[in-house]
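Notes follow once the structure below has been shown.
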Amino acid sequence: MARVAIVTGSDSGIGKATAVELARAGYDVGITWHEDEDGAEETAGEVRALNRRAEVRRLDLTKLPKAADVVDELGDALGGLDALVNNAGLGKSDRFLDLSWDDWRETMSVDLDGAFLCAQRAARRLVEQGRGGRIVNVTSVHELVPKSESSAYVAAKHGLGGLTKVMALELAEHGITVNNVAPGEIATPMTGNEDVDPRTVERSSIPAGRPGDAREIASLVVWLCSDGAAYTTGSTIVSDGGLLLMAAERNDS
C-alpha cells in the first residue's frame with residue numbers, strides 16, 4: 001500500500017518541491033493552495049508524472065477552525081495518512097510600534113494557529129490508524145533568532161518551535177515523530193527569487209555565498225518522513241548555508 005503525505009502550501013516554492021520529492025520517494029500526495037490554483041495543479045501534474053496519486057484542495061488558514069477540515073478531506077480521498085508537512089506560511093514586515101492588530105492576527109492565524117490545527121487533525125488520524133507517522137513543520141531560521149520588522153512572524157515561528165517539542169513528547173508513544181526544518185533564504189516567491197537559479201545569485205552575508213534551492217529543503221523533509229528518521233523527534237534542522245554562523249564572525253571582529 002502506498003504511503004500518503006499532505007503538504008500544505010504546495011502550489012509553489014518549498015511546498016511544491018517537497019510534494020514532488022515525496023512523490024519520488026513513493027508517496028501519494030495531498031496538495032493545498034491558497035491563491036494559486038494553477039500552481040497547485042502544476043504540482044499535481046508533476047506528482048502524477050511520477051506515477052503517484054495527487055489530490056488538490058484549497059486551504060485558507062485565516063478561516064479557522066473550519067479550514068483544517070482539508071486534512072481529513074485529503075486523508076479520506078487518498079485512503080489514509082502517513083505524513084503531514086506544515087509548509088503554508090505568511091510573512092509580513094512592519095516595525096513593532098506600527099504593526100496593526102489585524103496583521104498580527106493574520107500572521108498568527110496562518111503561521112501558528114493553522115499549523116496547530118492541521119497537525120492536530122493529522123495526529124488524531126495517525127493515532128487512530130495505529131501505525132505511527134511523521135509531522136514536519138517548515139519554520140525558519142527566525143524560529144531561533146529574531147529579525148527586525150518581523151515581530152509577528154518571529155513570534156509565530158518561535159511558538160511553532162515550542163509546539164513541535166511538546167507534540168514530539170506527547171506523540172512519541174504512538175510512533176509519531178515531529179520535527180522542524182528551519183530554512184534560511186531560499187529562492188522562492190516569498191523571497192522574490194521565484195524561478196531563479198540560486199547558484200547565480202550572490203549573497204556575501206551567507207557563507208555559502210548564495211540562497212538555497214527549494215529542493216535542498218525538500219530533501220531534508222523527505223528524510224524526516226523516511227523510516228531512517230524514526231529516532232529523530234523534537235528537533236529543528238537548520239538549512240541556511242551557514243547564515244546563523246555569521247553572528248559569531250561579527251562578534252569576533
Side-chain angles (χ1 to χ4, degrees), residues 1-33 36-57 59 70-71 74-75 77-89 118-119 122 125-126 129 131-139 175-184 186-190 193-199 210-233 235 237-241:
M1 183 175 67
R3 291 178 292 181
V4 174
I6 296 171
V7 184
T8 67
S10 39
D11 51 337
S12 66
I14 291 170
K16 177 178 181 178
T18 298
V20 173
E21 290 305 309
L22 282 167
R24 205 181 306 278
Y27 282 84
D28 294 336
V29 185
I31 295 159
T32 83
W33 59 280
D36 186 4
E37 184 175 7
D38 289 342
E41 291 297 343
E42 184 177 307
T43 303
E46 293 192 32
V47 168
R48 291 169 184 141
L50 294 166
N51 296 316
R52 306 310 325 168
R53 291 185 299 155
E55 289 283 339
V56 178
R57 298 290 188 278
L59 175 64
V70 166
V71 173
L74 287 169
L78 291 166
L81 184 63
D82 298 278
L84 169 72
V85 181
N86 263 323
N87 170 74
C118 289
R125 180 176 286 260
L126 293 172
Q129 290 174 168
R131 58 175 188 262
R134 303 282 185 265
I135 298 173
V136 181
N137 298 314
V138 179
T139 59
I176 301 167
T177 67
V178 190
N179 293 286
N180 296 336
V181 172
I186 307 299
T188 67
M190 183 176 283
N193 285 317
E194 186 177 12
D195 298 326
V196 173
D197 181 350
R199 291 161 186 79
R210 64 171 177 85
D213 189 303
R215 289 168 293 190
E216 292 171 318
I217 305 305
S219 68
L220 279 179
V221 176
V222 172
W223 178 73
L224 287 170
C225 291
S226 73
D227 294 340
Y231 203 57
T232 301
T233 197
S235 295
I237 300 178
V238 175
S239 181
D240 68 350

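These values consider heavy atoms only, across backbone and side chains, with no hydrogens, waters or symmetry-generated copies.
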How far does CD1 of I31 sit from CD1 of I6, to the nearest 0.5 angstrom?
11.0 Å
Between T233 and V178, is there a donor-acceptor pair closer than 3.5 Å when you use the side chain of the first and the backbone of the second?
yes
Using the test salt bridge (Lys or Arg N to Asp or Glu O under 4.0 Å), find all partners of R131 that sit at least two apart in sequence or belong to another chain.
D82
Checking side-chain contact (heavy atoms from CB on, under 4.5 Å) for the pair V136/V181: CA distance, chi angles, key distance, verdict?
CA-CA 7 Å; V136 181; V181 172; 4.0 Å; yes
Rounded to the nearest 0.5 angstrom, the CD1-OG distance for I186 and S239 is 5.5 Å
Heavy-atom nearest pair, G80 first then R125, reads CA-NH1, 4.5 Å
Closest approach of A119 and N86, non-hydrogen atoms and distance?
CB-ND2, 3.7 Å
Please determine whether salt bridge (Lys or Arg N to Asp or Glu O under 4.0 Å) holds for the pair R57 and E55, giving the CA-CA distance in whole Å, both sets of side-chain angles, and the decisive distance to 0.1 Å.
CA-CA 7 Å; R57 298 290 188 278; E55 289 283 339; 3.1 Å; yes
Distance from R24 atom CZ to S219 atom OG, nearest 0.5 Å?
12.0 Å
Considering all heavy atoms, the nearest A19-T43 contact
CB-CG2, 3.7 Å
Which heavy-atom pair separates E21 from A218 by the least distance, and what is that distance?
CG-CB, 3.9 Å
Checking Q129 side chain against L81 main chain: does a donor-acceptor pair fall under 3.5 Å?
yes
If you take all heavy atoms of V138 and P183, which pair is closest and at what distance?
CG1-CG, 4.0 Å
Distance col, row I135:CD1 vs L224:CG, nearest 0.5 angstrom, shows 12.5 Å
Between R53 and L78, is any pair of side-chain heavy atoms under 4.5 Å apart?
yes
Pairwise distance CG(N137) to CG(N180) - rounded to 0.5 angstrom
5.0 Å
Check whether any side-chain N or O of N87 sits under 3.5 Å from a backbone N or O of G9 as a donor-acceptor pair, and report yes or no.
yes
Looking only at atom types and distance, does a side-chain atom of R48 sit under 3.5 Å from a main-chain N or O of A54, one as donor and one as acceptor?
yes
Would you say S10's side chain and T32's backbone share a donor-acceptor pair under 3.5 angstrom?
yes
Any side-chain heavy-atom pair of T232 and W223 under 4.5 Å:
yes
Which one of V222, V47, L50 satisfies the side-chain contact (heavy atoms from CB on, under 4.5 Å) criterion with L22?
V222
How many angstroms lie between atom CG of D28 and atom CG of L74, to the nearest 0.5 angstrom?
12.0 Å
If only atom types and distance count, is the side chain of Y27 paired as donor or acceptor with the main-chain N or O of C225 below 3.5 Å?
yes
Using modelled atom types only, decide if a donor and an acceptor are shared between the side chain of R52 and the backbone of V29 within a distance under 3.5 Å.
no
So which atom in A40 and which in D11 form the shortest heavy-atom distance, rounded to 0.1 Å?
N-CB, 3.5 Å
